[in-house]
There are 2 protein chains.
Amino acid sequence: MIFPLSRAVETRSGDPLQMQKNLRKPTLSEVAALAGVSEITVSRALRGSSMVTADTIRKVQVAAESLGYLRNRLAGALAGGPSNQVGVILPSLSNIVFPDVLKGLEDRLEHAGFHPVLGISNYDPEKEEHLIRNLLSWRPAGLVIAATSMTATSRGLLAASGLPVVEIMDIDTPPIDMAVGMSHRAAGLDMARHLIGRGYRHLAYVGHDIGRDNRAMARLQGFRSGLQEAGLALEGQVVLTEPSSVALGRRGLAQLLQANPKQVDLVYFSNDDMAVGGVFHCMAEGISIPGQLAIAGFNGLDLGQSLPRRLTTTASHRSRIGEMAARVILERLNGQETVHLTDVGFTLIAGETA
Amino acid sequence: MIFPLSRAVETRSGDPLQMQKNLRKPTLSEVAALAGVSEITVSRALRGSSMVTADTIRKVQVAAESLGYLRNRLAGALAGGPSNQVGVILPSLSNIVFPDVLKGLEDRLEHAGFHPVLGISNYDPEKEEHLIRNLLSWRPAGLVIAATSMTATSRGLLAASGLPVVEIMDIDTPPIDMAVGMSHRAAGLDMARHLIGRGYRHLAYVGHDIGRDNRAMARLQGFRSGLQEAGLALEGQVVLTEPSSVALGRRGLAQLLQANPKQVDLVYFSNDDMAVGGVFHCMAEGISIPGQLAIAGFNGLDLGQSLPRRLTTTASHRSRIGEMAARVILERLNGQETVHLTDVGFTLIAGETA
DNA sequence: CCACCGATTGACAGCGCTGTCATTCAGTGA
DNA sequence: TCACTGAATGACAGCGCTGTCAATCGGTGG
């Protein structure tokens with residue numbers, strides 16, 4: 001364990017000078033007075049309304065500039081103007097998956113002048129409900145949620161909000177409003193079929209906290225169905241109740257091989273981080289991949305594709321999910337017809353580890 | 001390249017029913033009428049004011065519940081109540097570093113009932129300025145920014161805002177208001193000294209887009225100073241103008257070794273992702289680590305510590321930075337005395353790759 | 001019995017902006 | 001010449017809430 005040191009280098013007291021500045025922010029009416037027009041004209045000019053003369057716009061801009069005027073969106077949104085905030089609830093930020101989604105989402109939102117307001121649920125339905133309530137109380141323009149298993153109240157809140165609501169990541173359950181994602185069940189099934197087609201017959205699974213991550217659970221179910229189709233069953237399984245990580249995957253494989261020596265010829269991991277951990281374990285123990293043991297993951301991370309042998313995995317289109325989520329929200333806000341269910345699909349990567 | 005497929009499974013038009021619901025959200029006064037008290041009493045009861053009878057609170061809660069009342073923070077904040085939003089500007093989400101920071105930040109903010117409002121600058125000062133203006137216009141309670149090189153206007157906006165502003169990640173330049181981070185220069189210097197102490201004399205560097213990531217730049221400068229102290233200089237250098245990734249590190253090392261065959265005995269990478277790429281390159285090419293070539297990185301990611309041989313690197317305390325940033329903001333908001341500069345330090349990890 | 005007190009509750013104004021109507025005014029065709 | 005038109009601007013009210021001060025009221029000590 002590594003402990004950080006925190007050191008206070010310099011201190012000061014609660015600066016009254018800055019507080020003062022805070023008190024007197026110029027308002028629309030001050031800009032209006034300076035520009036010699038009415039408040040509403042300033043409002044329109046600054047928002048780029050088409051019914052203000054170029055001349056007036058210039059005057060207003062000069063006045064606003066010279067006063068250091070900064071629009072107050074709080075007042076604007078309250079007065080009936082549009083909000084440009086979008087609530088975003090994610091279960092975690094501990095691996096790159098949700099940041100990827102968030103990146104795609106932020107990118108598209110930003111282009112349209114919107115901002116994500118973030119909440120992390122930690123896979124906790126109670127906290128999720130709490131976050132929904134909180135974010136909704138800011139009257140956002142929409143909500144994006146990578147839900148864990150939502151409470152009835154959560155669903156009710158979202159349905160009653162009347163806002164565009166996008167449930168992201170998986171499309172295996174019918175959405176309240178809209179959904180963007182992929183079928184994790186299908187991804188697991190697809191991988192099972194692929195591996196069986198490659199000749200593997202003694203398959204095992206190493207997973208992370210599956211009780212909370214129901215998408216990993218869905219993949220496992222799909223994988224099992226695939227085995228069943230071929231008259232097979234999992235010959236070993238290690239599920240550790242911790243968040244996924246490379247270290248956990250390494251530990252998990254060690255544990256699996258200790259319990260099931262020899263007979264296993266392939267291990268399906270709950271995701272790429274875990275799988276890379278498995279690869280590292282093999283490297284450290286001199287187990288040849290895929291000769292002695294084959295390995296497959298899920299996500300298609302850069303990491304796995306940069307291994308000495310490219311990881312066999314399923315690419316999920318994460319930033320695409322974020323982008324599409326932003327897109328359907330923006331479409332809805334524009335009054336356009338929107339898609340209820342968007343399947344961004346997945347792509348099997350036949351790498352060199354299985 | 002892998003292309004996603006997007007498929008519209010179901011469509012519908014811009015639901016007028018939901019719009020309706022949206023129109024009639026119950027307000028304070030409706031709750032007040034139902035509970036038989038005044039608006040302000042409802043307001044106080046719902047906010048947990050101490051000067052409302054337990055009895056009244058119960059009445060109000062029942063009324064609010066039965067109407068499905070949802071507080072409007074927009075109105076509250078406009079009327080002078082506190083905002084619980086904190087603007088957060090980060091340069092990127094493409095590796096785990098900033099998500100780690102964000103995680104620590106969100107966690108602490110959430111405990112205090114605050115939400116981060118996010119903006120990604122993409123290391124672009126113009127966009128950063130734009131984001132500052134936008135986020136400020138929502139009158140947040142504070143702002144956290146992992147700045148790239150800020151424009152004068154950006155600095156002016158922040159200074160004039162009168163808000164608690166925390167510049168995070170590095171403390172190498174004096175902050176506008178508060179800073180939380182570490183000295184990247186010192187980290188580079190520290191690593192150079194460590195490696196020289198271990199006997200390495202022919203050192204090279206492989207880095208990513210250093211023109212934009214000025215923290216990586218600071219580490220390199222520190223590293224160079226360390227070499228200079230010992231009468232040494234970099235014997236090779238590859239800097240690729242792309243965002244860092246495992247794949248890029250792998251490519252970068254290949255390029256370096258092609259240009260400088262043999263003589264180099266250690267490569268310092270701009271971060272762990274890059275360094276792991278370097279390790280993978282060596283594995284693939286049969287170069288022994290650290291015998292033929294030693295490798296060092298920066299960040300102390302789980303990934304590097306799970307390699308067959310633990311990566312030699314410097315652990316940055318990322319989630320700690322987020323936590324401390326939240327902390328100083330909350331302290332300031334509580335009117336407490338705050339620390340101007342918080343150094344969370346770093347920890348050299350003497351791994352097995354150098 | 002009365003001025004006084006602390007604990008509750010309420011009336012009121014206004015936060016800063018925008019939607020919804022007027023209003024103004026130069027130009028237009030009959 | 002005159003009603004009429006469209007473009008530009010403005011007056012007004014109010015979004016939903018909270019800070020500030022005032023009012024109420026049962027209890028208290030002198």
Side-chain angles (χ1 to χ4, degrees), chain A residues 19 22-60 63-64 67-85 134 136-141 161-162, chain B residues 19 22-60 63-64 67-85 134 136-141 161-162:
Chain A
M19 300 289 157
N22 199 8
L23 292 180
R24 284 275 21 107
K25 293 240 189 231
T27 68
L28 258 199
S29 75
E30 290 167 53
V31 177
L34 183 58
V37 296
S38 70
E39 291 183 34
I40 187 66
T41 299
V42 174
S43 173
R44 289 199 269 245
L46 260 25
R47 280 180 298 158
S49 164
S50 59
M51 45 178 178
V52 183
T53 320
D55 221 44
T56 309
I57 293 182
R58 216 166 299 122
K59 263 193 313 190
V60 168
L67 288 175
Y69 172 75
L70 195 65
R71 184 174 172 194
N72 184 337
R73 305 291 258 93
L74 242 36
L78 181 62
S83 165
N84 69 353
Q85 298 194 143
N134 259 272
L136 244 27
S137 75
W138 282 99
R139 300 294 187 265
S161 75
Chain B
M19 300 290 157
N22 200 7
L23 292 180
R24 284 273 23 103
K25 291 242 190 233
T27 68
L28 257 198
S29 74
E30 290 167 53
V31 177
L34 183 57
V37 295
S38 69
E39 291 183 34
I40 186 65
T41 299
V42 174
S43 173
R44 289 200 268 247
L46 259 25
R47 279 181 298 157
S49 164
S50 60
M51 45 178 179
V52 183
T53 319
D55 221 43
T56 309
I57 292 182
R58 216 165 300 123
K59 263 194 313 190
V60 169
L67 288 175
Y69 172 74
L70 195 65
R71 184 175 171 192
N72 185 336
R73 306 290 258 97
L74 241 38
L78 180 61
S83 165
N84 70 353
Q85 298 194 145
N134 259 272
L136 244 28
S137 75
W138 282 100
R139 301 293 188 266
S161 75

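Chain identifiers are assigned alphabetically (A, B, ...) following the order of the sequence lines, protein sequences preceding nucleic acid strands; residue numbering begins at 1 within each chain. Remember, predicted model here, so these are calculated numbers, not experimental data.
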Between L70(A) and S137(B), what is the shortest heavy-atom contact and its length? CD2-N, 4.2 Å
Pairwise side-chain contact, R139(A) with L78(A), heavy-atom cut-off 4.5 Å (strictly under): no
Correct closest heavy-atom pair for L28(A) and S43(A) would be CD1-CB, 3.8 Å
Residues two or more places apart in sequence or in another chain: which of them pass salt bridge (Lys or Arg N to Asp or Glu O under 4.0 Å) with R47(B)? none
Could you pull out all residues at least two apart from T53(B) that satisfy side-chain hydrogen bond (donor to acceptor under 3.5 Å, both in side chains)? none
Taking 4.0 Å as the cut-off, does a side-chain nitrogen or oxygen of S29(A) come that near to OP1 or OP2 on dC17(C)? no
Rounded to the nearest 0.5 angstrom, the CG-CD distance for N134(B) and Q85(A) is 10.0 Å
For nucleotides 20-25 of chain C, give me every protein contact, N/O to N/O, under 3.5 Å, one pair per line with atom names.
none

Atom pair distance, as rounded to whole Å: CZ in R58(A) and P in dA8(D): 14 Å
Pairs touching residues 70-84 of chain A that satisfy side-chain hydrogen bond (donor to acceptor under 3.5 Å, both in side chains), sequence neighbours left out: N84(A)-W138(B)
Can you sort out the partners of S29(A) under side-chain hydrogen bond (donor to acceptor under 3.5 Å, both in side chains), two or more places apart, ordered by chain and number? T27(A)
Mind running side-chain contact (heavy atoms from CB on, under 4.5 Å) on V42(B) and Y69(B) for me, showing each step along the way? CA-CA 11 Å; V42(B) 174; Y69(B) 172 74; 5.6 Å; no
Side-chain N,O (T41(A)) to OP1/OP2 (dA8(D)) below 4.0 Å: no
Answer yes or no: does a side-chain N or O of R71(A) lie under 4.0 Å from OP1 or OP2 of dC17(C)? no
Separation of E39(B) atom CD from dG14(C) atom P, in whole Å? 16 Å
What bend angle does the helix from dC1(C)-dG30(D) to dA30(C)-dT1(D) show across its length, from five-pair end axes and to the nearest 10 degrees? 40°
Is there any salt bridge (Lys or Arg N to Asp or Glu O under 4.0 Å) pair reaching into residues 31-41 of chain A, and which pairs are they, with sequence neighbours excluded? none
Rounded to the nearest angstrom, tell me the gap between atom OH in Y69(B) and atom P in dG16(D). 10 Å
Report the distance from atom CZ of R47(B) to atom C1' of dC17(D), rounded to the nearest whole Å. 8 Å
Atom CG of L28(B) to atom P of dC15(C): distance rounded to whole Å? 19 Å
Give the rounded distance in Å between these two atoms: CH2 of W138(B) and C1' of dC15(C). 15 Å
How close or far is atom P of dC17(C) from atom CG of L70(A), stated in whole angstroms? 10 Å
With a 4.0 Å heavy-atom cut-off, tell me which residues in residues 72-80 of chain A come close to DNA chain D, sorted by residue number. L78(A), A79(A)
Using OP1 and OP2 only, check whether a side-chain N or O of T56(B) sits under 4.0 Å from dT8(C). no
Provide the closest heavy-atom pair for G68(A) versus P26(A) in the form atom of the first, atom of the second, distance. O-CG, 3.7 Å
